[in-house]
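Working notes for the structure below.
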Amino acid sequence: QAVRVKELPSDLTLAVVTDDEVGAIRYTLPAGEIVASNPYHLQTDWLFESRGTVQIRADAFGIRDGGLLGSCQINVEIDSSEEVSCGPSITGFHFVDADGKPLVEIGGLRNGQMVEANLLPRGSSIAVSYQTNFIPGAVKYESQGALDIHQVNAPFPMAGYNFDKAGIYSIKAHAFNDDAFSQILNTCAITFEIVDTIHNTNFPAIESTIQNHGKNRLRSTTKTPTTNSPTAPVAVPTEMPTDFDRRFGDDVRHINCDFASLDSDMPLSDVEQTDKLERDCSLAISGAYADGTGSRKIDVFDSGNVLYGKYDLGSPHVSCGGHVFVNGTGGDASGPYPNCDAQGNVLHLAEQAEDNGGCMFIDFGDPVKLNGLGVLNAIGTEPVKISIISGDGETLVVANPEYTDRNSLWKVEETNPKMKMKGVILVSVCFSAPSRSALSYIDFYHETEHDEFTQSKDLEAEEEDLISAAQLAEAEDAFPWCGRHLTGFSLVDSSGIALSGHESLSFGHLVKGMDLPDDVALAPKTDDSVGSVRFFLPSGEEVVSSPPFTLSNASWLRELPTGPLTIRADAFAKKERDGAFLGSCEVNLEIESSHDLVCGGGVDGFHLIDRKGQKLSQHDHLKYGQTVRGRSLPFGTDLGIQTGPEVAAVMFQVAGERDVYQTNLPFQLNSKRFHQRGTYAVKAHTYGSSDFATLLGTCEFLIRII
């Protein structure tokens, strides 16, 4: 929760809610520990001196034997900003985009406010706010270390001054009576901070460290990446051959390395540990300081046997049947990064008194096709940076999403599909809080290189078939797949031209049926060897199509109710090649049939807002029946309603839940459900008085979370 300390009384205390079994509370604060007896209130002088995220933990001890009864932890966002009050000609400041339009997501700036850099589009600047009957004739901006900027045209942006770097900015603006800057009407000053919560990883020497590890390993490789997506980490590679192994021999081996064979609570540097890792996973892992000044110890931790103080590294989450203390908000079953699959052993850098960051380096020995990687307890405010290096020198850098939180399980392959690279030789995982996050699993295909100068054409053809088969395979299940002859789908018009945004349909691709042209068709992507395609529709109907293989009559697309739609296509060779079966490909679509919302009764529409009360720009005017990806929503997203001045109160109704009464602007439905899949029907009743006596109207709204 965000706390604006300037609006709080000076005698504020923090209290915990307990039962009669509690005899003492131990608070753990950034500055140390404090033990409190009944009524367990904590003085908050430290709160007024804090900035940013403050973490507070309370441990409860029994009144009878003094034993630990439980723990509760909370993160508080400290906002020490205050309103800017200057005068009629300049009443404050706000951010504008490159075209001078206000950035409504940020709103009016407060003195001392922290602004997230990812909310600022390229070319953003600030401008002064003023009353319409006191428009200044000109504005001059001053900032220490920069040239003064003079503006004579409204909205008087501070053009030419870049706010693209994180840091503290102090700006002073003078309003003048005319464009000749003759007389100052009033002056207004503001100080604010731009913080980069996504890209600032605080690892200044990472690049050189990675290059030192990988420079002697560079080689050329021409292999093709797999398309396998791992489910929960399973045991290390089984000794029994899988279907994948039987079909493709020894050249390709699927490895899901989850460290199950390692001994917990023992360092990875132990000889037996490293031997097991090499034997079972065909890789080596080492630790180092972020600045490259030396090596760091890596510990093996059993996430299913949590110890005091390591609950955030526990798995699974309490909402999925795990330990009661494994309760971090990021790992909840209803969140975007659920920690529901037991992770078993995980690797984390050993704790140190002064910890300024560290890295794990995963060395594969030979090039591999990287498929997945998991990080447990990746917290958005404690960045994790992953660098993936291939043998040809290509490097991909990935940072953890902003809204990962305590006890979350970040499956990198789900948020960053591009990490599935071929020819990978080294992966570095760098932590800003090394002992608090852990490496959970590594999923890849191990491949054996061939000497490209000595192999025959027959071997080249054999390798081509081998790799394409590996690309088709999906773990233990070989059907259906998308491969060399049938590679995917797109939506096209009557001319066969792919529709913008639908050129390559991914699993769960969102399709807004009402926005599609009448001649839309589904087109498989095939090569020249395909002679016909058989489509399998949700109705059970089968349609056989000849070139260009489009499934043209798309009335079935619009007439279907909103929801998921799965279509399979089987490809067959041309008749002169015996019409042999060449492969199968399946696509899963999310169909949305939304329409504009018209209500009346003082209701202008619905929108989604973040936990700071700002509208989400992509969802600032929702349609009835709109489909929204829950994973794209920031944590704490609420549903807001846009009302006219005549509305004094709103009552929200959601089936199966208590009614919510709101009398203060902005009217919003505080709900955690937007991280859970499902369809939600909301009724909003508007009233002309705060006692809910005068009903103005009722508006019904439908939203789907996928």
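Using a 4.5 Å heavy-atom cutoff, the side chains of N400 and Y337 are not in contact. A heavy-atom distance below 4.5 Å is not found between the side chains of Q614 and I106. Taking 4.5 Å as the limit, every side-chain heavy atom of N327 sits out of range of all side-chain heavy atoms of N407. Residues F701 and L639 have side chains in contact (heavy-atom distance under 4.5 Å, counting atoms from C-beta outward). Side-chain contact between Y169 and S143 is absent, with no heavy-atom pair separated by less than 4.5 Å. Using a 4.5 Å cut-off on side-chain heavy atoms (C-beta onward), T415 and V398 make no contact. Two residues are said to be in side-chain contact when any heavy atoms from C-beta on lie closer than 4.5 Å; V492 and I497 fail this criterion. K615 has its side chain within reach of I609: a pair of non-hydrogen atoms, C-beta onward, lies under 4.5 Å apart.
Under the disulfide bond (SG atoms under 2.5 Å apart) criterion, C320 pairs with C340, sequence neighbours left out. By the ring-ring contact (aromatic ring centres under 6.0 Å, His included) test, F692 is found to be paired with Y661, Y687, residues two or more places apart in sequence or in another chain being considered.
The distance from atom OG of S500 to atom CG of D493, rounded to the nearest 0.5 Å, is 11.5 Å. A distance of 14.5 Å separates NZ in K683 from CZ in F652, rounded to the nearest 0.5 Å. Between the CG atom in D604 and the SG atom in C599 there is a gap of 9.5 Å [rounded to 0.5 Å]. With values rounded to the nearest 0.5 angstrom, Q642 atom CD is found 10.5 Å from F667 atom CZ. Distance CD1/I641 to CG/L665: 11.0 Å, rounded to 0.5 Å. Separating the CD1 atom in I703 from the CG atom in L608 is a distance of 5.0 Å, to the nearest 0.5 Å.
The two residues G601 and V647 make their nearest non-hydrogen contact at O-CG2, 4.1 Å. Of all the heavy atoms in L695 and T686, the pair that sits closest is CD1-O, 3.4 Å. In plain terms, the two heavy atoms of A378 and W410 that are nearest each other are CB-CE3, 4.2 Å. The minimum heavy-atom distance linking S89 with P136 is given by the pair O-CD, 3.7 Å. The two atoms that bring K172 and T187 nearest to each other are CG-CG2, 3.6 Å, heavy atoms only. Residue F606 comes nearest to A684 through the heavy atom pair CZ-CB, 3.9 Å, listed as atom of the first residue, atom of the second, then distance.
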Working for side-chain contact (heavy atoms from CB on, under 4.5 Å), residues V654 and V660
CA-CA 9 Å; V654 181; V660 177; over 6 Å; no

Before you tell me yes or no, could you show the steps for T404 and V384 under side-chain contact (heavy atoms from CB on, under 4.5 Å), namely the whole-Å CA-CA distance, both residues' side-chain angles and the distance that decides it to 0.1 Å?
CA-CA 10 Å; T404 49; V384 178; over 6 Å; no

Using the rule given for side-chain contact (heavy atoms from CB on, under 4.5 Å), can you reason through S124 versus L103, listing the C-alpha separation, both sets of side-chain angles and the distance that settles it, and then say yes or no?
CA-CA 9 Å; S124 298; L103 299 179; 4.0 Å; yes

Quick one: do D341 and K411 satisfy side-chain contact (heavy atoms from CB on, under 4.5 Å)? Show the steps, please.
CA-CA 12 Å; D341 299 317; K411 297 181 179 180; 3.7 Å; yes

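A perpendicular orientation is assigned to the rings of F192 and F95, their planes being inclined by more than 60° (bins at 30° and 60°).
Checking side-chain atoms of S129 against main-chain N and O of T91 turns up no donor-acceptor pair under 3.5 Å. A distance-only check finds a donor-acceptor pair linking the side chain of H317 to the backbone of G328 [under 3.5 Å]. Checked by atom type and distance alone, the side chain of Q151 pairs as donor or acceptor with a backbone atom of P157 at under 3.5 Å. One N or O on the side chain of N111 and one on the backbone of T191 form a donor-acceptor pair closer than 3.5 Å. Listed for the E503 side chain is a donor-acceptor partner under 3.5 Å among the backbone atoms of G501. Without hydrogens or angle criteria, N377 side chain to R436 main chain gives a donor-acceptor distance under 3.5 Å. No side-chain donor-acceptor contact under 3.5 Å links T694 to the backbone of S689. Between the side chain of S125 and the main chain of V96, no donor-acceptor pair closer than 3.5 Å is present.
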